[in-house]
Amino acid sequence: MRWSQYFIPTLREDPADAEVISHKLLLRAGVIRQLSAGIYSYLPLGQKIALKVMQILREEMNAIGGQEFYLPALHPAELWQESGRWQAIGDDMFRLKDRKGSDLCLGMTHEEVFTSIARNELRSYKQLPQVWYQIQIKFRDEARPKSGLMRLRTFIMKDAYTFDIDRAGLDVSFAHQREAYKRIFSRCGIQFLIVEASSGAMGGSESNEFMARTPAGEDLIVNCASCGYAANLEKATSRVPTIEDQSGPAGPEEFPTPGVRTIEDLTTFPGGAEASRQIKSLVFVATEGDENRTVLVLMRGDHQLHETKLADGIRATAVRPAHPEEIRDLLGASPGSLGGVGAKEKAKAAKIELKIVADSSLKSRSNMTTGANKDDHHLRGVDIARDIQVDEWLDLRTVESGEGCPRCEIGTLEVFKGMEIGHIFKLGTKYSESMGATVLNQDGRPVPIVMGSYGIGVERIITAAVEQRHDDDGIIWPKSLAPFDVVVTITNIKQDAVREAGEKLYGDLQRAGLDVLLDDRDERAGVKFKDADLIGIPYRITIGKKAPDGIVELFDRQTKANTDVKLSEVVAHVQKLALSCI
RNA sequence: CGGGGCGUAGCACAGCCUGGUAGUGCGCUCGGUUUGGGACCGAGAGGUCGGAGGUUCGAAUCCUCUCGCCCCGACCA
């Protein structure tokens with residue numbers, strides 16, 4: 001390809017709308033352009049890169065027996081009503097009506113469509129397992145599209161689904177996918193880690209997220225360098241040293257605490273207590289379908305509640321902090337003076353059903369201090385087992401950097417940002433049961449197919465690669481994703497000998513099977529070097545002054561090493577380099 | 001959906017407070033000089049100032065409404 005004829009609109013300056021590095025570089029390198037919020041066009045370079053990602057996805061899916069489909073992006077509402085997700089999913093789904101007034105939606109994922117094919121066509125356990133996948137456009141009406149290609153409203157996704165006769169089969173299929181995912185991300189030059197994740201509204205028993213570490217990421221990951229334990233903050237646990245309490249009074253003692261509103265206030269209040277000896281009391285309203293439940297959450301004073309853990313723990317679809325009026329109606333006091341002692345009775349009097357859950361780090365604690373459910377009063381000497389009617393003990397605490405690893409005895413946890421680049425789920429029978437996808441087992445009885453679902457975002461891979469592989473001069477594509485293998489830079493096309501040497505080399509490299517970009521533009525050398533660095537082609541061959549003497553320069557984009565090579569040997573040299581790994 | 005910011009030439013921005021000829025840099029076109037890390041000189045082209053309504057003799061500038069984009073938060077199969 002000749003640069004002079006190829007469309008690579010590079011930008012010298014950072015576009016004003018771009019904040020994160022990958023977004024800036026993808027725009028500046030002429031890879032993408034924005035059409036609207038969360039909607040981007042791939043320019044020719046971008047299309048080449050995306051195709052390379054997709055090719056890797058295909059190869060690795062096929063290698064584990066995957067069969068490629070191509071399913072519609074436009075779905076009838078009935079399908080989603082069957083699985084229950086037409087109602088379960090809110091505004092994230094693009095919905096529309098056809099001319100007859102029928103409800104349709106744009107697919108945000110394809111469990112329903114694949115399951116409908118499975119139920120119509122799969123009859124016997126003998127046909128299982130099946131591994132089906134597609135590379136398809138997805139639509140999600142994101143509340144807040146952002147960060148370039150990181151959070152999009154329409155994007156390309158490789159989604160795979162496995163169909164097995166039983167849990168054991170699913171475990172095998174899941175493991176195959178997991179290994180394939182590792183190979184995919186490695187081949188794309190991305191450093192990643194696999195974390196335990198919350199399945200969320202997707203349902204199912206187990207899920208792993210593949211996370212790429214980058215400050216632009218939206219998720220928090222907990223990692224132990226010693227043993228490799230890794231988990232999403234939503235799921236992570238840690239070791240906390242147990243606290244030995246001194247024996248307290250025979251019962252709680254109320255004492256006045258005028259003006260004390262926070263845990264911090266009470267630590268400095270005369271007769272107060274340090275944060276780890278306080279019980280933090282939080283009132284939440286949990287929703288599950290149309291049902292609202294009131295929950296009193298008890299945490300150690302110096303610990304932070306993680307709301308997703310709470311929602312997961314009490315099996316609610318959503319939780320929100322109760323409003324001050326709701327709290328007053330329930331416990332007769334304002335936030336700052338709340339506590340678990342006598343809370344059940346107060347709630348009963350207010351005719352409100354109250355569930356009390358407590359973080360496990362509070363178990364068997366005694367001589368604690370907490371609010372008295374009476375403004376400006378607290379209780380000390382509280383023994384949780386004796387004085388508070390806890391309905392359920394849960395892990396609700398937010399893990400913090402520096403805490404002990406829960407899996408190994410020596411490790412210390414680090415918390416950092418990452419972006420989700422892949423997610424694999426053991427779905428189980430959620431969809432096959434709701435949609436009636438069964439096969440006959442060996443006993444001739446219909447059983448629901450056991451499913452798994454596995455997704456990778458193409459744009460997320462591209463974003464992660466750029467986030468992890470760039471320098472001040474631009475993108476450093478891994479060889480596997482680079483839009484060209486090598487760029488040949490003719491420093492001055494007006495010097496005939498130099499230009500002709502470049503033209504000849506261009507042809508030679510192409511005949512050697514390399515994808516070559518020939519920079520034959522009538523520009524100064526500096527401009528060409530800057531552009532080549534920016535768009536991140538792995539190798540650059542500079543045809544300059546020494547060309548008439550049979551010498552060219554080979555520049556390695558990643559290491560920035562610039563070496564003289566004989567013109568007669570450079571083709572073989574680059575060919576060897578381009579074929580070596582990532 | 002809540003909070004904040006911004007819409008002026010292809011890109012980055014100034015001008016707005018205090019109403020009166022629409023500007024700067026980069027890019028683009030032409031000519032010349034240059035030619036190894038985003039050259040220089042000269043001459044040009046290019047703008048319904050996001051849109052609608054209003055105030056005014058006069059609106060990029062003031063007021064109202066509206067659309068769009070970005071950031072923080074909520075949300076995120």
Quiz item: [X] side-chain donor-acceptor pair to [N] base, under 3.5 Å:
X        : N     : answer
A/Glu553 : B/G36 : yes
A/Arg12  : B/A12 : no
A/Arg140 : B/C76 : no
A/Glu13  : B/G25 : yes

Sugar-phosphate only, base, or nothing, as touched by [X] at under 4.0 Å among non-hydrogen atoms:
X        : result
A/Lys545 : base
A/Asp531 : base
A/Ser147 : sugar-phosphate
A/Asn492 : base
A/Lys494 : base
A/Ala143 : base
A/Pro15  : sugar-phosphate
A/Thr542 : base
A/Met157 : base
A/Arg320 : nothing
A/Arg540 : base

Short side-chain N/O contact to [N] OP1/OP2 from [X], under 4.0 Å:
X        : N     : answer
A/Gln34  : B/C70 : yes
A/Ser36  : B/C69 : yes
A/Arg144 : B/A74 : no

Of all the nucleotides listed (B/G36, B/A12, B/A77), which has the minimum atom distance to the side chain of A/Asn562? B/G36
Taking the side chain as everything from C-beta on, heavy atoms only, tell me whether A/Asp485 gets closer than 4.5 Å to A/Val574. no
Is the closest side-chain heavy-atom distance between A/Phe155 and A/Arg460 below 4.5 Å? no
Between A/Thr491 and A/Asp219, who's closer to the 5' end of RNA chain B by nearest nucleotide? A/Thr491
Less than 4.0 Å between a side-chain N and a carboxylate O, is that true for A/Asp531 and A/Arg521? yes
Could you give the distance separating B/G20 and B/C26 at their C1' atoms, to the nearest angstrom? 31 Å
Whole angstrom is fine here: how far is it from CG in A/Leu149 over to P in B/C70? 12 Å
